[in-house]
Amino acid sequence: QVLLVESGGGLVPAGGSLRLSCAASGFTFSYYVMGWFRQAPGKEREFVAAISREGSSIDYSGAVKGRFTISRDNAKNTMYLQMSSLKPEDTAVYYCAADYGPQLVRSGYKYWGQGTQVTVSS
């Protein structure tokens with residue numbers, strides 16, 4: 001019943017931008033903290049960003065702070081990740097995730113999407 005579907009991934013040159021979307025269904029979206037994670041080849045899953053129920057609180061990893069912007073539209077049950085100034089080291093499968101609020105967390109998310117591939121070329 002619960003579904004999180006990422007979209008917007010693709011191939012982009014270094015320095016470019018991409019906007020990822022995560023469409024949610026099967027739960028009350030506005031009651032959940034939402035987060036983005038990524039996993040590069042040969043590496044552990046890494047926290048990227050999280051956003052509170054109404055978008056008033058945001059948490060970014062140091063690797064993406066200043067380059068990525070997380071947002072959400074509760075009326076559309078959708079979360080976004082605007083990625084700018086992309087680097088080859090941003091190459092990974094990006095996952096969206098949902099967890100019970102109200103506190104922002106970097107682990108232990110309840111629901112996960114299938115992921116979307118982001119590849120940044122040199």
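- Nearest heavy-atom pair across Tyr60 and Lys65 is O-CE, 3.9 Å.
- When atom types are taken as modelled, the side chain of Arg45 and the backbone of Gln39 share no donor-acceptor pair closer than 3.5 angstrom.
- Side-chain atoms of Asn74 come within 3.5 Å of backbone N or O of Arg53 as a donor-acceptor pair.
- Taking the six-membered ring where tryptophan is involved, the planes of Phe27 and Tyr111 are tilted, since the angle between them lies from 30° to 60°.
- Within 6.0 Å of CD on Gln103 lie no more than 12 heavy atoms contributed by other residues, nucleotides or ligands.
- Within the 3.5 Å criterion, the main-chain N or O of Ser52 finds a donor-acceptor partner in the side chain of Arg72.
- Under the 4.5 Å side-chain heavy-atom criterion for Ile, Leu, Val, Met, Phe, Trp and Tyr, Val33 and Ile70 are members of distinct hydrophobic clusters.
- Put simply, OG1 on Thr116 and CG on Leu81 are 11.0 Å apart, with the number rounded to the nearest 0.5 Å.
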TODO: Before giving the answer on side chain to side chain contact (heavy atoms under 4.5 Å, CB included), spell out for Phe29 and Met34 the whole-Å C-alpha distance, their side-chain angles and the decisive distance to 0.1 Å.
DONE: CA-CA 9 Å; Phe29 182 75; Met34 299 295 297; 3.7 Å; yes
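- The side-chain hydrogen bond (donor to acceptor under 3.5 Å, both in side chains) check on Arg38 picks up Glu46, Asp90, Tyr94, with sequence neighbours excluded.
- Tracing side-chain contacts under 4.5 Å through hydrophobic residues (I, L, V, M, F, W, Y), one reaches Val48 starting from Leu18; they form part of the same cluster.
- Judged purely by atom type and a 3.5 angstrom limit, Trp36 uses its side chain to pair as donor or acceptor with the backbone of Tyr80.
- Listed by first and then second residue, the disulfide bond (SG atoms under 2.5 Å apart) pairs that reach into residues 45-86 come to none, sequence neighbours excluded.
- No side-chain heavy atom of Leu20 sits under 4.5 Å from any side-chain heavy atom of Met79.
- Using bins of under 30°, 30° to 60° and over 60° for the plane-to-plane angle, the ring pair Trp112/Phe37 lands in the tilted bin.
- With sequence neighbours excluded, the residues that form a side chain to side chain contact (heavy atoms under 4.5 Å, CB included) with Ser84 are Ser17, Gln82.
- Summarising the geometry, atom CG belonging to Leu4 is positioned 8.5 Å from atom CD belonging to Gln114; distances are rounded to the nearest 0.5 Å.
- Not a single donor-acceptor pair under 3.5 Å links the side chain of Glu6 to the backbone N or O of Cys22.
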